[in-house]
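Since the structure comes first, as structure tokens, the remarks are kept for the end.
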Amino acid sequence: MAEGPAPTGTFPGFMSQGALLYLRGEYGKALDCFNNALQLRAADKHGLVARSRCYLKLGDVQNSLKDAEASLQNDKTFSEGLYQKAETLYTMGDFEFALVFYHRGSELRPELQKFRLGIQKSHEAIINCIGSPSSVKLKNTEDLCFISRQAESKKADQKLQIKLIKDQKCTKKQEPARNQKTERQLLGELYADKAYLEKLLKDEDLMSSVTKQGVKVEDVVLGGIAYLDTRAEFWQQQKPIYARVRERRLRQQRWIREKKPKPAEVARFIVQSMEDIDMLLTGDCPEESCRKAERVLKTIQGWSEDEVPNKKELIGNLHSCIGNAQFEMGRMEAALKSHKMDLEFARQNNLPDAVSRALDNIGRVYARTGKFQQAIDTWEEKIPLAKSSLEKTWLFHEVGRCYLELGRAEEAQNCGEKSLQSALEAGDAEWQLHASVLLAQAQEKLKDYWSAIANFEKALEKAKLVHSNAAQQAIIAALDDVSRSFIEDLKEREKETEAHTLPDHDFSGENAEDDKSEGREGEQSSENQRGEKEDTESKKEQGSEREELDEQDEKEKESEEERSKREGEESERKEEGSEKEEEEIGDDEKKQFDFLSG
């Protein structure tokens with residue numbers, strides 16, 4: 001059968017999710033997770049044992065046994081595989097084989113109680129069925145593959161079957177009838193088979209006949225009924241699964257209620273609990289992680305500081321774990337409340353590391369909810385508590401991102417420079433990439449396009465260095481956007497320059513025309529004055545005075561013409577100078593435009 005495409009995920013992720021579903025009792029879903037995990041690592045012995053457990057819970061004993069034996073193929077001393085194989089054989093009713101593997105596992109791992117319990121229950125089951133197991137070889141060191149060994153035990157089964165038939169005939173009338181309802185619950189689907197066999201016993205003609213092998217049909221039917229009675233006795237003696245779960249919970253509750261637990265037990269409980277909380281959170285199960293942390297917090301709060309020396313630090317850490325789980329679930333108000341409790345507890349008990357952790361988490365919540373100014377204030381309070389350049393790099397970067405969201409590009413640029421400097425001190429290429437991008441984005445907002453392009457190019461080099469294709473594509477797109485913005489800005493500046501130069505040229509022409517009109521008006525006024533003088537003066541002095549007036553008029557005309565000519569030359573020189581300046585500015589901008597577009 002052709003295998004399907006590889007599932008999307010990781011082997012540890014599928015294993016942790018399957019383990020959680022198994023604990024919840026969702027064995028079908030857990031089986032799917034373990035199947036996905038084994039598609040990624042087909043021969044992983046831990047994955048095979050986990051899937052074998054699921055098969056066993058679902059009643060598929062053949063596949064359970066197959067996976068258990070496969071887990072032992074490369075490592076015959078794998079204790080989990082030995083135990084799972086023994087459990088499967090025990091469930092199948094092959095108590096002798098189960099006893100062998102329980103003993104083998106106990107010899108390898110004598111400290112594990114589960115093997116001792118398996119030996120005990122196998123002994124009891126064998127004695128209840130056939131008496132003392134004197135014929136079982138417990139020290140067999142060969143590779144016991146149950147499927148291949150079934151043929152070897154066929155003769156022994158036949159002898160056992162004959163013995164059971166005789167016992168059935170002798171004791172059937174002596175045994176009291178078992179309650180039909182109880183027997184139905186014990187046998188389950190096999191109850192219909194037993195009812196059918198008991199019905200066949202009433203057919204005397206059939207019971208008196210024999211099979212082709214010469215065995216009486218009555219003996220075969222009685223053997224089947226005896227086997228089913230044995231199974232009913234076995235399940236009656238076995239403790240139900242729900243009872244085991246309940247007993248384990250009661251033991252745990254009794255241990256938690258103890259006034260003075262042993263220090264070693266307390267330490268193991270705390271370490272295991274914190275590992276479970278972290279595993280559930282990283283395994284994308286924040287709800288389970290939150291519930292587990294709340295239960296552990298309630299338990300530890302009931303203990304004294306003598307029993308838990310680091311109780312204060314542990315309580316603050318659990319508040320932080322609860323807040324992180326709530327953050328992943330999207331419950332931001334609850335997360336903020338939990339982290340503030342962590343901060344308050346840390347300040348009351350003078351725990352600087354816990355204060356730094358709480359400020360970090362509170363800032364993240366503020367940033368996620370869009371409260372950027374509160375996030376800036378919180379993170380800036382944390383900056384003096386930072387212990388490494390890498391931590392400062394992250395803080396300055398996040399504060400700069402918040403400033404950028406608020407439209408305060410200058411502050412964002414300042415933070416980007418500090419983040420880049422800290423990243424260079426730490427020698428972290430990836431954070432140098434992030435800091436360069438932040439710096440370039442802030443400079444783009446400030447329309448410092450040359451600097452923005454330079455920093456984007458530095459970021460592109462770092463993206464190539466860390467082999468991040470996604471970052472390279474994003475930076476290339478950002479470079480294109482900055483170049484287009486730069487070109488558009490240059491075009492707008494050219495338009496503004498042209499708009500200023502054209503009106504200045506028109507005004508200079510109008511001024512020249514005004515000067516000419518003023519010259520004509522001046523000439524007209526001088527002529528009027530000359531006429532008035534001629535009327536008032538006597539005709540006797542007309543000849544000499546007229547010559548003097550003519551000379552004076554000519555001098556005034558020459559002075560006015562020289563003045564208008566001089567003013568016209570000055571205006572032309574101004575126009576030529578402005579045109580040269582515009583040509584020089586245009587040449588510089590054209591060079592920049594050609595550089596960007598080329």
Side-chain angles (χ1 to χ4, degrees), residues 1 3-92 94 97-119 121-122 138-150 241 272 275-276 278-280 282-283 285:
M1 184 176 67
E3 295 184 358
T8 56
T10 62
F11 179 82
F14 285 126
M15 289 294 292
S16 61
Q17 187 177 3
L20 181 62
L21 292 170
Y22 182 87
L23 292 175
R24 291 178 179 175
E26 301 177 13
Y27 305 119
K29 294 180 180 179
L31 181 62
D32 294 336
C33 290
F34 293 134
N35 283 332
N36 291 332
L38 288 170
Q39 285 187 33
L40 299 175
R41 296 184 189 175
D44 186 84
K45 56 185 180 182
H46 296 284
L48 289 168
V49 168
R51 189 170 68 176
S52 176
R53 292 195 190 104
C54 287
Y55 278 132
L56 191 60
K57 291 292 185 181
L58 294 171
D60 190 352
V61 291
Q62 294 299 327
N63 280 324
S64 176
L65 184 60
K66 183 179 178 182
D67 279 348
E69 290 185 341
S71 69
L72 295 169
Q73 187 173 3
N74 297 323
D75 185 6
K76 306 299 181 185
T77 61
F78 181 42
S79 61
E80 292 297 324
L82 289 171
Y83 181 75
Q84 185 58 28
K85 184 173 181 179
E87 285 286 289
T88 305
L89 293 172
Y90 184 82
T91 304
M92 295 172 68
D94 294 289
F97 276 97
L99 183 60
V100 170
F101 286 98
Y102 282 132
H103 269 284
R104 183 177 293 184
S106 180
E107 290 176 359
L108 292 172
R109 299 291 301 276
E111 75 278 5
L112 296 179
Q113 187 181 5
K114 59 184 180 181
F115 286 113
R116 295 195 295 272
L117 293 175
I119 292 171
K121 68 181 182 181
S122 297
L138 300 179
K139 296 296 182 181
N140 193 338
T141 58
E142 298 178 2
D143 181 21
L144 292 179
C145 180
F146 175 74
I147 297 175
S148 61
R149 294 286 178 175
Q150 283 182 325
I241 295 176
Q272 185 62 46
E275 288 179 355
D276 292 343
D278 184 63
M279 184 188 71
L280 290 169
T282 57
C285 299

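Count residues from 1 along the sequence.
Note: F101 CZ to E87 CD = 13.5 Å, rounded to the nearest 0.5 Å.
Looking at residues two or more places apart in sequence or on another chain, you find a salt bridge (Lys or Arg N to Asp or Glu O under 4.0 Å) between E111 and R109. Scanning for side-chain hydrogen bond (donor to acceptor under 3.5 Å, both in side chains) contacts around K114 gives E80, with sequence neighbours left out. The ring pair (Phe, Tyr, Trp, His ring centres under 6.0 Å) check on F78 picks up H46, with sequence neighbours excluded. With sequence neighbours excluded, the residues satisfying side-chain contact (heavy atoms from CB on, under 4.5 Å) with N63 are Y55, D60, K66. T77 is linked by a side-chain hydrogen bond (donor to acceptor under 3.5 Å, both in side chains) to D75, counting only residues two or more places apart in sequence or in another chain. Here F11 pairs with nothing under the ring pair (Phe, Tyr, Trp, His ring centres under 6.0 Å) rule; sequence neighbours left out. Q73 meets the side-chain hydrogen bond (donor to acceptor under 3.5 Å, both in side chains) test with no other residue; sequence neighbours excluded. Residues satisfying the side-chain hydrogen bond (donor to acceptor under 3.5 Å, both in side chains) criterion with Q113, sequence neighbours excluded, are absent altogether. Qualifying ring pair (Phe, Tyr, Trp, His ring centres under 6.0 Å) partners for F115, counting only residues two or more places apart in sequence or in other chains: Y83.
Residue pairs meeting the side-chain hydrogen bond (donor to acceptor under 3.5 Å, both in side chains) criterion with at least one partner in residues 11-22, sequence neighbours excluded, are absent. Listed by first and then second residue, the salt bridge (charged side-chain N to carboxylate O under 4.0 Å, His left out) pairs that reach into residues 14-41 are R24-E288, E26-K29, sequence neighbours excluded.
Between Q39 and N35, the side chains place no donor N or O within less than 3.5 Å of an acceptor N or O (distance only, hydrogens not considered).
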